[in-house]
Amino acid sequence: GGIFGAGAAPDWARLDEVLELSRRYELPVLGILRSPPSSLPVHDARGIADLAGQVAAHARDTIVHWEVFNEPNAEWGFSGTPEDYARVLRATHDAIKTRVPEAKVVLGAMMVPHGPSWLARVVATPGADAVHAFDIAAVNLRDAARRLPGQMAAWRMMLAGLGFTGPLWVTEHGYPADSAFQGDPAFQGGETAQARFLTEGILGLGEAGADEVFVTLRDNVFLADPFFDQFLTEGVVAIADAPPHPVRRKPAFAAVRRVVDN
């Protein structure tokens, strides 16, 4: 919607800024295709897919991974039915692959706990062949550290049962540094507890088969909705909103780096 939402021509300015930053700092990007223009209803699979193909073609030299909506099994992620999503996923996959054959299409990350039943309906949608319309599956996982490996294994088993045995990414993972929202009894005590949690959480997810784990980078203290309070301090860095935007790396930053390096 931010690219095609207004005017006769696409507005590529903000995407181009991301592309330039990605190249400058050699940081790969997972592009998330979400929030199409309001003029496109969710059942207009071809219309959404055409725009997605244009975006992928514009960014092909820098971004090659494209996730089709985020948490589509939640109302805020996708307003249609599982069957609507299956048709959007199929059409988007085909449009992107036609324009950028080397691109990888990522299933919209499932939100627990209703992801498995919702995804089963997606895969069962007649004519969509949805299980072959993505290269990488994705799930967003936040839970007690000791439960994460079991959840990961359960998702892998469920996906295999649906016919998908490819890579599985955890595209959202984090733990608050604010003691008031640290729900895992084994990891309480502020920022040091956050660092210990992420160390165990990432290792557990990796050992259970996660091919990639995306950890929240920065705090989001500017969000005013109380619903988000539990997520506001998930970042491994705190970046001030006021210029010159000083950055403070939390103990969790070093902890994640140690896991990566080792």
Side-chain angles (χ1 to χ4, degrees), residues 14 17-18 20-32 34 63 65 67 70-71 74 76-77 106 109-112 138-152 168-262:
R14 284 173 287 181
E17 182 180 6
V18 173
E20 194 279 325
L21 290 167
S22 175
R23 291 189 293 265
R24 184 196 309 175
Y25 294 105
E26 299 181 358
L27 288 170
V29 170
L30 166 62
I32 304 179
R34 57 188 298 267
I63 302 177
H65 291 88
E67 181 180 344
N70 177 48
E71 297 187 345
W76 58 81
V106 182
M110 295 290 108
M111 182 193 72
V112 294
V139 62
N140 295 337
L141 283 181
R142 294 175 177 84
D143 205 338
R146 63 181 176 81
R147 289 198 289 264
L148 289 171
Q151 289 193 6
M152 189 69 196
L168 176 56
W169 289 6
V170 177
T171 42
E172 286 186 24
H173 180 60
Y175 191 68
D178 185 342
S179 299
F181 300 100
Q182 291 180 329
D184 189 334
F187 297 93
Q188 295 181 337
E191 292 186 358
T192 58
Q194 179 195 34
R196 292 188 295 107
F197 178 96
L198 289 177
T199 299
E200 183 163 328
I202 296 169
L203 288 173
L205 289 169
E207 290 170 353
D211 295 275
E212 298 277 354
V213 179
F214 290 66
V215 176
T216 305
L217 174 65
R218 66 164 294 186
D219 285 348
N220 290 293
V221 294
F222 54 86
L223 292 172
D225 190 332
F227 171 80
F228 292 104
D229 286 352
Q230 59 186 316
F231 306 117
L232 297 189
T233 61
E234 271 192 356
V236 296
V237 300
I239 305 176
D241 287 338
H245 308 290
V247 176
R248 182 179 67 85
R249 292 177 175 176
K250 301 179 187 177
F253 185 96
V256 172
R257 173 168 280 177
R258 280 194 300 272
V259 172
V260 174
D261 290 345
N262 292 334

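FYI, side chains are in, hydrogens and waters are out, and symmetry mates aren't considered; it's all heavy atoms of this structure.
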Run the side-chain contact (heavy atoms from CB on, under 4.5 Å) check on Leu148 and His173 step by step: do they pass? CA-CA 10 Å; Leu148 289 171; His173 180 60; 3.5 Å; yes

For the residue pair Asn70 and Ala109, what are the closest heavy atoms and their distance? OD1-CB, 3.7 Å

Out of Arg34, Met110, Glu172, which one pairs with Glu71 under the side chain to side chain contact (heavy atoms under 4.5 Å, CB included) rule? Glu172

Please report the interatomic distance NE2(His65) to CD(Glu212), rounded to the nearest 0.5 Å. 7.5 Å

Glu191 to Pro251 - nearest heavy-atom pair and separation: OE1-CD, 3.4 Å

Find the distance between CD (Glu200) and CG (Asp184) and round it off to the nearest 0.5 Å. 8.0 Å

In terms of heavy-atom contacts, Val170 and Ala210 come closest through CG2-CB, 4.1 Å

Please tell me if the side chains of Leu168 and Met152 come closer than 4.5 Å, counting only heavy atoms from C-beta onward. yes

On a heavy-atom basis, which atom in Val106 and which in Ala138 lie closest, and how many Å separate them? CG1-CB, 3.9 Å

Are any non-hydrogen side-chain atoms of Ser179 and Gln182 less than 4.5 angstrom apart? yes

So Leu30 and Phe214, side-chain contact (heavy atoms from CB on, under 4.5 Å) or not? Walk me through it. CA-CA 10 Å; Leu30 166 62; Phe214 290 66; 4.0 Å; yes

Heavy-atom closest pair, residues Phe187 and Tyr175: O-OH, 2.5 Å

Could you tell me which residues satisfy side-chain hydrogen bond (donor to acceptor under 3.5 Å, both in side chains) with Arg147, sequence neighbours excluded, listed by chain and number? Asp143

I need the Leu27 CG to Leu217 CG distance, nearest 0.5 Å. 9.5 Å

Working to the nearest 0.5 angstrom, can you tell me the gap between Asp219 CG and Arg248 CZ? 7.5 Å

Indicate yes or no for a side-chain donor-acceptor contact from Ser22 to the backbone of Val18 under 3.5 Å, with no hydrogens or angles considered. no

Set of side-chain hydrogen bond (donor to acceptor under 3.5 Å, both in side chains) partners for Glu20, sequence neighbours left out: Arg24

To the nearest 0.5 Å, what is the distance between CZ on Arg257 and CG on Asn262? 12.5 Å

How many angstroms lie between atom CG of Leu205 and atom CG of Asp211, to the nearest 0.5 angstrom? 11.5 Å

Side-chain donor-acceptor contacts of residues 229-239 below 3.5 Å, not counting sequence neighbours, with atom names and distances?
| unit_1 | atom_1 | unit_2 | atom_2 | d |
| --- | --- | --- | --- | --- |
| Thr233 | OG1 | Ala177 | N | 3.1 |
| Thr233 | OG1 | Asp178 | N | 3.1 |
| Glu234 | OE1 | Arg142 | NH2 | 3.2 |
| Glu234 | OE1 | Thr216 | OG1 | 2.8 |
| Glu234 | OE2 | Arg142 | NE | 2.6 |

Could you walk me through whether Thr171 and Asn140 satisfy the side-chain contact (heavy atoms from CB on, under 4.5 Å) test, starting with their C-alpha distance in whole Å, then the side-chain angles of each, then the deciding distance to 0.1 Å, before giving a yes or no? CA-CA 6 Å; Thr171 42; Asn140 295 337; 2.9 Å; yes

Could you walk me through whether Met111 and Trp76 pass side-chain contact (heavy atoms from CB on, under 4.5 Å), step by step? CA-CA 11 Å; Met111 182 193 72; Trp76 58 81; 3.3 Å; yes

For residues Phe181 and Pro176, report the shortest heavy-atom separation together with the two atoms involved. O-CG, 3.1 Å

